*Asks:* 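Just passing along the structure, written as structure tokens.
Values in this document were obtained by computation on a predicted structure and should not be read as measured data. Within every chain, numbering begins at 1; the chains are lettered A, B, ... in the order of the sequence lines, protein sequences first and strands thereafter.
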Protein chains: 2
Amino acid sequence: MSKPTTRDLAAAAGVSLATVDRVLNGRDGVRAKTIEKVNAAIHDIGFVRDQTAATLARKRFYYFVFVLPDRQDEFLSLIVSSVAEAGRALRHERVTARTLRVPTNDPHSVVQALGALARDGVDGVAVMAPETPQTRDAIQRVRDQGIAVVTFVADQPNAARDRFIGINDVDAGRTAATLIGRFCGAAPGTVLVIAETIQSRDSLDRRHGFDAVVQQDFPHLHASPTIETYADSARTERVLSNALAATPDLRAIYLMSSASAAALSALDAHGVAPDCVVIAHELTSLTRQSLISGRLSAVITQDIGHLVRSALRVLRAKAENAPTVESQERIRIEILLEANLPRLEETPEVSG
Amino acid sequence: MSKPTTRDLAAAAGVSLATVDRVLNGRDGVRAKTIEKVNAAIHDIGFVRDQTAATLARKRFYYFVFVLPDRQDEFLSLIVSSVAEAGRALRHERVTARTLRVPTNDPHSVVQALGALARDGVDGVAVMAPETPQTRDAIQRVRDQGIAVVTFVADQPNAARDRFIGINDVDAGRTAATLIGRFCGAAPGTVLVIAETIQSRDSLDRRHGFDAVVQQDFPHLHASPTIETYADSARTERVLSNALAATPDLRAIYLMSSASAAALSALDAHGVAPDCVVIAHELTSLTRQSLISGRLSAVITQDIGHLVRSALRVLRAKAENAPTVESQERIRIEILLEANLPRLEETPEVSG
DNA sequence: GGCTATTTGAGGTGCGTACCTCAAGTAAAG
DNA sequence: CTTTACTTGAGGTACGCACCTCAAATAGCC
């Protein structure tokens with residue numbers, strides 16, 4: 001009646017506990033035939049390994065690191081506090097999570113940070129950094145050392161990561177275009193597209209998706225070339241001011257990068273028509289406030305808590321060689337209006 | 001260096017293991033002063049109870065039941081399979097989850113189902129049923145028996161449930177109104193509002209939020225009285241046909257209930273202008289298909305997997321008297337367009 | 001100070017698995 | 001048929017905590 005244990009499994013397979021252990025944990029020194037026998041018995045009696053007991057017996061703790069850009073924007077600091085919060089919640093479950101800020105635009109720094117992981121006894125790492133040949137190789141080396149690696153928020157499709165945790169940026173761009181197109185209505189006009197830089201993969205992907213939808217579904221709209229702010233407020237002010245002056249038929253603005261603070265304040269300073277549709281990425285206190293005030297029409301975002309927890313779950317599953325529930329790890333592209341803004345939680349703490 | 005155990009805690013508090021155990025598990029027979037001493041030591045040495053070892057030692061399994069309406073619509077069958085999937089994934093973690101279909105419109109049936117739970121050794125229950133005085137009392141009785149109760153999808157605000165797992169329906173209605181208002185543009189016209197019934201709390205709440213936003217932000221639009229389909233296709237066909245004929249200035253349709261199949265096929269049969277904005281609730285194969293075909297402009301939904309997992313996490317935390325991570329349990333009101341539709345997963349199974 | 005009622009300590013067992021050792025067994029190769 | 005190499009079994013300890021019992025210590029009371 002009660003759940004079968006390894007003991008039952010050994011009996012059912014007609015082998016000893018030691019052999020069952022060898023099979024379950026993939027140790028060698030077992031004939032293929034015997035492995036088969038055990039697997040058959042697993043199936044027969046419906047044996048399910050008790051993760052609770054297993055992690056306890058393993059007397060292991062898991063140590064995971066998030067390697068993040070050292071840029072100071074709110075999106076990143078939300079990630080940092082989310083990692084801290086998740087780490088607190090997971091103390092009960094033998095998991096430690098830390099963040100490591102690195103100048104990720106310098107591949108050498110990333111390589112160095114990744115290289116130091118094994119020395120620190122890290123079991124898994126989530127990396128948010130642009131893909132370069134150097135980082136690709138470093139990721140390969142980290143994995144060769146038996147450390148699980150996920151790319152985080154920004155994928156490195158050609159790197160040997162275990163998985164990518166984040167959204168599809170082409171679809172994010174398509175979503176932005178659809179919203180702008182539908183919010184703008186039938187009258188023709190221009191959409192300003194503003195990004196921190198067009199060098200990054202996410203900007204390229206979003207732009208690609210954006211253009212595809214504008215061309216196909218909203219041909220009466222004209223999307224401007226991407227205006228780069230380089231995350232510099234003086235420059236942002238200047239280029240935006242020029243662009244606005246040069247665009248009499250402005251209908252919408254797409255703030256493509258996660259750091260929209262500079263652009264938003266430049267827009268406020270300059271002033272645009274109240275019916276100008278503005279869409280930004282990532283829910284921060286600033287974009288939340290702008291949604292409420294009506295300055296922003298919509299925000300396209302990903303749930304940061306979900307991102308972080310998903311990364312930790314996946315890293316842990318890899319480290320424990322356990323399965324993951326795929327449907328739980330799909331990060332959604334969320335559209336936020338003022339109406340469906342998540343209410344601010346009173347207690348950002350773990351509570352019980 | 002390593003994590004403090006109960007042994008370390010006992011030493012730090014200057015008491016025995018037995019006393020530590022009494023304090024940690026809230027057994028009585030301990031002087032208030034001693035409890036204080038132990039709690040101080042917990043704080044001092046940063047003791048964190050190891051949930052893994054605790055559940056193992058408790059030799060307990062958790063058995064949770066979802067009490068769901070016996071209506072046959074796709075939304076419900078998605079919930080059922082999601083519960084099954086979560087149950088499979090949680091076998092590793094000493095959790096069993098089942099669904100129980102009940103004619104929830106009959107309070108007596110709900111009361112009976114809830115009454116049987118304790119007999120079956122159930123540790124927690126998620127209830128999706130309309131609030132009535134009878135169900136309210138039954139929930140109270142269930143909780144008095146030490147069984148955790150969450151209301152699920154449909155809240156019963158006045159019942160003594162531990163928590164509600166689901167979205168805020170007023171905000172859902174506000175979201176629908178905002179989308180319709182923005183998609184329709186400035187021209188005046190009528191919005192048809194269609195629901196299965198206006199008796200249910202979720203319909204009332206959604207309608208309330210919807211009207212508030214239409215009146216405030218889109219006064220040029222006129223929202224029709226709620227048209228009830230009673231989930232009957234013949235009736236749906238008839239009332240919809242009448243309504244369409246009587247509404248020459250139709251601009252949009254809001255399908256307010258989770259079961260939109262009958263209404264959508266009636267719309268298809270009857271034919272409406274291609275630029276008519278149509279918004280429905282819940283992502284099902286039908287609404288997905290309708291988004292792709294363009295029949296639907298947007299779908300407002302909640303992640304069913306998240307709902308189910310959240311309910312199970314909360315029930316388990318209550319049963320174990322453990323904390324929950326609040327930020328993880330907030331169910332989001334999601335807006336789906338064709339562009340941000342989650343891709344269908346190839347393997348709906350647990351993999352890894 | 002003696003009594004009772006309450007509080008505490010000591011020590012044990014078990015949860016299901018991991019991981020180790022050493023001896024005994026079996027198969028393959030010559 | 002022997003030798004060697006590979007497989008398997010038996011049995012143990014440990015993980016951190018829950019839960020039990022019984023005796024001993026202490027507090028509160030008159």
Side-chain angles (χ1 to χ4, degrees), chain A residues 1-39 41-42 45-62 90-95 123 319-322, chain B residues 1-39 41-42 45-62 90-95 123 319-322:
Chain A
M1 190 61 236
S2 75
K3 223 185 65 165
T5 71
T6 41
R7 219 168 290 279
D8 304 325
L9 178 56
V15 300
S16 74
L17 265 180
T19 301
V20 163
D21 173 65
R22 291 182 184 113
V23 174
L24 284 182
N25 296 293
R27 302 182 222 289
D28 50 4
V30 185
R31 240 178 311 159
K33 221 171 183 170
T34 313
I35 298 185
E36 256 324 298
K37 246 182 8 186
V38 174
N39 283 331
I42 289 180
I45 68 173
F47 172 80
V48 177
R49 185 214 223 102
D50 188 325
Q51 276 297 138
T52 309
T55 41
L56 178 59
R58 261 190 273 263
K59 34 189 135 175
R60 280 208 51 189
F61 284 75
Y62 297 101
L90 289 175
R91 279 182 316 178
H92 295 272
E93 299 175 37
R94 323 172 85 78
V95 168
D123 299 292
E320 286 189 328
N321 211 8
Chain B
M1 192 57 237
S2 74
K3 222 185 66 165
T5 71
T6 43
R7 219 168 290 278
D8 304 324
L9 178 55
V15 299
S16 73
L17 267 180
T19 301
V20 163
D21 173 65
R22 291 181 183 110
V23 174
L24 284 183
N25 296 291
R27 303 182 220 288
D28 50 4
V30 185
R31 243 178 309 160
K33 219 171 184 170
T34 313
I35 298 186
E36 254 325 297
K37 242 178 17 184
V38 174
N39 283 332
I42 289 180
I45 68 174
F47 171 81
V48 177
R49 185 214 224 101
D50 188 325
Q51 275 297 137
T52 309
T55 41
L56 179 59
R58 258 190 274 264
K59 33 188 134 176
R60 281 209 51 188
F61 284 75
Y62 296 101
L90 289 175
R91 281 182 315 179
H92 296 271
E93 298 174 40
R94 320 170 86 80
V95 167
D123 299 292
E320 286 189 331
N321 210 8

*Asks:* Applying salt bridge (charged side-chain N to carboxylate O under 4.0 Å, His left out), can you list everything that pairs with B:Glu320, at least two apart in sequence or on another chain?
*Replies:* B:Arg316
*Asks:* What pairs with A:Ala18 under side chain to side chain contact (heavy atoms under 4.5 Å, CB included), at least two apart in sequence or on another chain?
*Replies:* A:Ser16, A:Arg22
*Asks:* Distances under 3.5 Å between protein N/O atoms and the N/O atoms of nucleotides 16-20 of chain D, please, pair by pair.
*Replies:*
{"from": "D:dG16", "atom 1": "N2", "to": "B:Ala53", "atom 2": "O", "distance (Å)": "3.4"}
{"from": "D:dC17", "atom 1": "OP1", "to": "B:Asp50", "atom 2": "N", "distance (Å)": "3.3"}
{"from": "D:dC17", "atom 1": "OP2", "to": "B:Thr6", "atom 2": "N", "distance (Å)": "2.6"}
{"from": "D:dC17", "atom 1": "OP2", "to": "B:Thr6", "atom 2": "OG1", "distance (Å)": "3.2"}
{"from": "D:dA18", "atom 1": "OP1", "to": "B:Asn25", "atom 2": "OD1", "distance (Å)": "3.3"}
{"from": "D:dA18", "atom 1": "OP1", "to": "B:Arg49", "atom 2": "NE", "distance (Å)": "2.9"}
{"from": "D:dA18", "atom 1": "OP1", "to": "B:Arg49", "atom 2": "NH2", "distance (Å)": "3.1"}
{"from": "D:dA18", "atom 1": "OP2", "to": "B:Asn25", "atom 2": "ND2", "distance (Å)": "3.3"}
{"from": "D:dC19", "atom 1": "OP2", "to": "B:Arg27", "atom 2": "NH1", "distance (Å)": "3.2"}
{"from": "D:dC19", "atom 1": "OP2", "to": "B:Arg27", "atom 2": "NH2", "distance (Å)": "3.0"}

*Asks:* Are any non-hydrogen side-chain atoms of A:Val23 and A:Val15 less than 4.5 angstrom apart?
*Replies:* no
*Asks:* Among pairs that include at least one residue of residues 23-34 of chain A, which meet side chain to side chain donor-acceptor pair (under 3.5 Å), considering only residues two or more places apart or in two chains?
*Replies:* A:Asp21-A:Asn25, A:Asp21-A:Arg27, A:Asn25-A:Arg49
*Asks:* Verify side chain to side chain contact (heavy atoms under 4.5 Å, CB included) between A:Phe47 and A:Val20, making sure each step is shown before the conclusion.
*Replies:* CA-CA 12 Å; A:Phe47 172 80; A:Val20 163; over 6 Å; no
*Asks:* Need two values: the first and the last nucleotide of DNA chain C, 5' to 3', having an atom under 4.0 Å from any heavy-atom of chain B.
*Replies:* C:dT7 to C:dG16
*Asks:* I would like to know whether A:Lys37 and A:Thr19 meet side chain to side chain contact (heavy atoms under 4.5 Å, CB included); could you show each step before the answer?
*Replies:* CA-CA 11 Å; A:Lys37 246 182 8 186; A:Thr19 301; over 6 Å; no
*Asks:* Run the side-chain donor-acceptor check on residues 6-13 of chain A: report pairs under 3.5 Å with partners two or more places apart or on a different chain.
*Replies:*
{"from": "A:Asp8", "atom 1": "OD2", "to": "A:Thr5", "atom 2": "N", "distance (Å)": "2.9"}

*Asks:* Under the rule for side chain to side chain donor-acceptor pair (under 3.5 Å), what residues qualify as partners of A:Thr52, not counting sequence neighbours?
*Replies:* A:Asp50
*Asks:* Identify the pairs formed between an N or O of the protein and an N or O of nucleotides 23-30 of chain D at a distance under 3.5 Å, and give each distance.
*Replies:*
none

*Asks:* Shortest non-hydrogen contact from B:Ala322 to B:Gln51?
*Replies:* CB-OE1, 3.9 Å
*Asks:* State which residues pass side chain to side chain donor-acceptor pair (under 3.5 Å) with B:Asn39; sequence neighbours excluded, sorted by chain then number.
*Replies:* none
